[in-house]
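Here's the structure we're looking at; comments come further down.
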Amino acid sequence: MDDGAFAGFSEQARRRLPRLFADYIDGGAHGERTMARNRAAFGQWGIVPRGLRDVSSINLATQCFGRSWALPVFLAPLGFAGMFHAHGEQGAAYAAHKRGVGMGVSTFSIAPMEKVAATGADLMAQIYVFRDRALTRDMLERARACGMDGIILTIDTAITPVRERDMRNGFRHLSRPTATQMAGLLRHPSWLYGQVRGGAMPNVGNIAGYTGSRGVMAQARDVVAQIDAGLDWDDLAWLRATWGGTLVVKGIMHPDDAIRAAEIGADGLIISNHGGRQMDPAPATLDVLPAIAQAVGGRVDIMLDSGIRRGGDVVAALALGARAVSIGRPWAWGLAAGGARGVGLVLDTLAREISDVMALAGLPDIAAVRAAGRNALWRF
Ligand SMILES: Cc1cc2nc3c(=O)[nH]c(=O)nc-3n(C[C@H](O)[C@H](O)[C@H](O)COP(=O)(O)O)c2cc1C
Ligand SMILES: CCCCCCC(=O)C(=O)O
């Protein structure tokens with residue numbers, strides 16, 4: 001896979017992590033065709049160079065979901081990040097805070113959201129609607145109590161599909177490691193040392209009542225079983241009525257769903273195919289973006305994720321109608337490779353490339369990118 005500007009980070013992450021974690025991050029569902037298509041879609045668009053425009057100062061600041069960020073880039077919610085490096089989710093949040101960008105805290109965060117919030121970062125809690133609604137209400141109350149005024153409802157995980165790499169590695173059964181798995185963990189002593197120092201028996205610490213000594217994957221399976229596969233539009237309306245803050249729906253891939261979510265009162269949408277980890281084969285997010293942007297017509301802000309690996313990818317997504325993008329695997333690689341510093345470097349790398357592309361396209365700020373739209377682009 002083409003890891004773009006982050007190839008160095010992903011290589012280092014693969015060296016540092018036991019294989020089953022590296023594969024968990026990198027892998028996708030079934031034949032991984034969606035994952036490949038996400039990248040290929042960005043390859044279809046060029047940014048047209050323009051000169052004789054004042055680009056002596058490039059401003060990457062943007063507004064999305066009623067928030068202001070220094071870059072049009074958000075750290076996507078990632079489960080189990082605390083197992084990629086001892087700095088865990090707090091390290092990533094610290095890096096996000098330092099760079100002035102936002103971050104989603106996964107329901108499957110190893111660190112409880114309260115600890116992540118203590119970094120002072122601009123966070124949104126990623127939630128599911130659980131079969132036990134009291135559990136969902138509890139997540140909402142905790143998010144509110146620790147100062148988060150926004151939530152992200154993930155809607156593309158009614159089931160968790162086969163991910164062949166995880167099957168091969170027995171990832172979902174890690175709670176009782178086999179001899180092969182144990183040998184794999186022991187071959188990565190610096191990673192193991194970090195985990196031992198961090199508590200040795202990690203929990204999905206973000207979900208009250210699901211921690212304990214049975215091991216992280218047994219807990220994760222229990223939580224996955226709580227995700228309500230019967231979720232429908234009425235439940236979105238229930239969530240809208242229950243949660244007074246910003247509500248963003250993640251996993252939108254069809255204009256009709258975008259319109260319906262906006263009508264029910266969602267404040268924002270994330271066009272996402274979960275980085276190719278759910279539906280395979282699905283269309284690339286960049287390919288569905290123009291129709292969705294046209295359908296919602298500016299009524300709600302759109303963020304896009306899945307396959308962003310270059311500054312040019314970000315500029316293309318903004319020109320086609322997104323207000324910001326989010327990155328998943330790149331920050332996981334940065335964290336695994338170098339903790340909080342690694343996540344910061346990933347953001348710096350992307351910011352530098354976005355700035356390069358905007359300058360050479362004669363677009364000094366994000367408003368100019370959005371105003372130029374397709375006029376800034378070339379379809380190969
Ligand atoms: C390791 C990993 C864990 C993830 N965990 C979650 C999660 O807990 N909740 C969620 O909504 N999305 C989750 N995602 C999906 C991301 O939020 C995001 O949609 C995706 O990573 C974007 O694609 P990219 O990795 O190509 O940037 C996860 C993705 C990865 C790679
Ligand atoms: C054991 C599978 C749980 C999946 C939750 C995290 C996630 O969304 C992912 O893509 O991985």
Side-chain angles (χ1 to χ4, degrees), residues 1-6 10 13 17 20-29 32 34-39 41-42 73-84 89 92 103-110 113 124-128 151-163 165-167 169-175 204 206-207 215-227 248-253 270-279 282 284-286 303-310 313-314 317 325-336 346 350:
M1 186 58 69
D2 158 29
D3 297 336
F6 309 111
S10 64
L17 284 173
L20 86 177
F21 287 110
D23 275 354
Y24 168 65
I25 294 170
D26 291 355
E32 301 189 343
T34 305
M35 236 166 65
R37 192 168 285 112
N38 282 336
R39 287 300 300 133
F42 288 105
V73 179
F74 183 79
L75 300 187
L78 299 186
F80 312 108
M83 301 194 73
F84 309 157
E89 293 86 1
M103 171 178 164
V105 182
S106 168
T107 286
F108 290 93
S109 173
I110 296 293
M113 64 171 98
M124 298 180 81
Q126 178 264 316
I127 65 149
Y128 302 100
I151 57 168
I152 297 170
L153 172 71
T154 298
I155 61 161
D156 57 9
T157 48
I159 55 108
T160 312
V162 167
R163 296 176 185 164
R165 303 191 210 205
D166 289 351
M167 297 266 279
N169 295 328
F171 178 77
R172 293 180 199 172
H173 299 277
L174 185 59
S175 296
V204 180
N206 200 20
I207 306 167
V216 67
M217 281 305 146
Q219 296 159 16
R221 283 198 304 274
D222 291 349
V223 178
V224 167
Q226 270 290 344
I227 297 173
V248 171
V249 182
K250 174 171 185 278
I252 294 285
M253 288 292 289
I270 304 181
I271 297 182
S272 172
N273 56 36
H274 217 97
R277 297 162 76 81
Q278 289 296 115
M279 171 67 89
T285 51
L286 194 72
M303 179 181 274
L304 174 138
D305 77 20
S306 301
I308 298 280
R309 301 291 182 267
R310 288 280 176 196
D313 302 344
V314 180
V325 302
S326 64
I327 53 169
R329 294 179 184 89
W331 82 253
W333 295 324
L335 183 69
V346 159
L350 197 52

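In listed order, ligands and their atoms are each counted from 1. Atoms considered below: every heavy atom in the structure, side chains included; atoms not considered: hydrogens, waters and symmetry mates.
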How far is [atom] from its nearest protein heavy atom, and which residue and atom is that?
{"atom": "atom 19 (O) of ligand 1", "answer": "Asp305 OD2, 2.7 Å"}
{"atom": "atom 3 (C) of ligand 2", "answer": "Val224 CG2, 3.9 Å"}
{"atom": "atom 7 (C) of ligand 2", "answer": "His274 NE2, 3.7 Å"}

Task: salt bridge (Lys or Arg N to Asp or Glu O under 4.0 Å), paired with Glu32, selected from Arg37, Arg165, Arg277 - done: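 Single pass found, and it is Arg165.
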Touching ligand 1 at all, [X]? Heavy atoms, strictly under 4.0 Å?
{"X": "Tyr128", "result": "yes"}
{"X": "Thr107", "result": "no"}
{"X": "Pro77", "result": "yes"}
{"X": "Arg309", "result": "yes"}
{"X": "Ile308", "result": "no"}

- [ ] Any chance you could measure Phe84, atom CZ, to Trp331, atom CH2, to the nearest 0.5 Å?
- [x]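 One finds 7.5 Å between CZ of Phe84 and CH2 of Trp331.
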For ligand 1, which atoms have a heavy atom of [X] less than 4.0 angstrom away?
{"X": "Ala76", "answer": "16 (C), 17 (O), 18 (C)"}
{"X": "Gly328", "answer": "21 (O), 24 (P), 25 (O), 27 (O)"}
{"X": "Lys250", "answer": "10 (C), 11 (O), 12 (N), 15 (C), 16 (C), 17 (O), 18 (C), 19 (O)"}
{"X": "Tyr24", "answer": "1 (C), 3 (C)"}
{"X": "Ser272", "answer": "19 (O)"}
{"X": "Arg329", "answer": "24 (P), 25 (O), 26 (O), 27 (O), 31 (C)"}
{"X": "Ser106", "answer": "7 (C), 8 (O)"}
{"X": "Thr154", "answer": "10 (C), 11 (O)"}

- [ ] Within a distance under 4.0 Å of any heavy atom of Arg277, pick out the atoms of ligand 2 and give their elements.
- [x]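 By the 4.0 Å cutoff, the relevant atoms are 9 (C), 10 (O), 11 (O).
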Can [X] and [Y] be counted as having a side-chain donor-acceptor contact under 3.5 angstrom?
{"X": "Trp333", "Y": "Asp26", "answer": "yes"}
{"X": "Asn206", "Y": "Ser109", "answer": "no"}
{"X": "Thr34", "Y": "Asn273", "answer": "no"}

Task: Proximity to ligand 2 by part of Arg163, non-hydrogen separation under 4.0 Å - done: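 For Arg163, only side-chain atoms sit under 4.0 Å from ligand 2.
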- [ ] Between Gln278 and ligand 2, find which residue part has any heavy-atom pair under 4.0 Å and reply side chain, backbone, both or neither.
- [x]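 Under 4.0 Å from ligand 2, Gln278 contributes no heavy atoms.
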Task: Option passing side chain to side chain contact (heavy atoms under 4.5 Å, CB included) with Ile327 (candidates Val314, Leu78, Leu75, Asp305) - done: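 Exactly one pass, corresponding to Leu75.
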TODO: Report yes or no: does a heavy atom of Phe171 sit under 4.0 Å from some atom of ligand 2?
DONE: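 Phe171: no contact with ligand 2 (<4.0 Å).
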Task: Test of proximity, Tyr24 against ligand 2: N or O pairs below 3.5 Å - done: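 Yes.
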Task: Salt bridge Asp23-Arg163, side-chain N to carboxylate O under 4.0 Å - done: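 Salt bridge: no.
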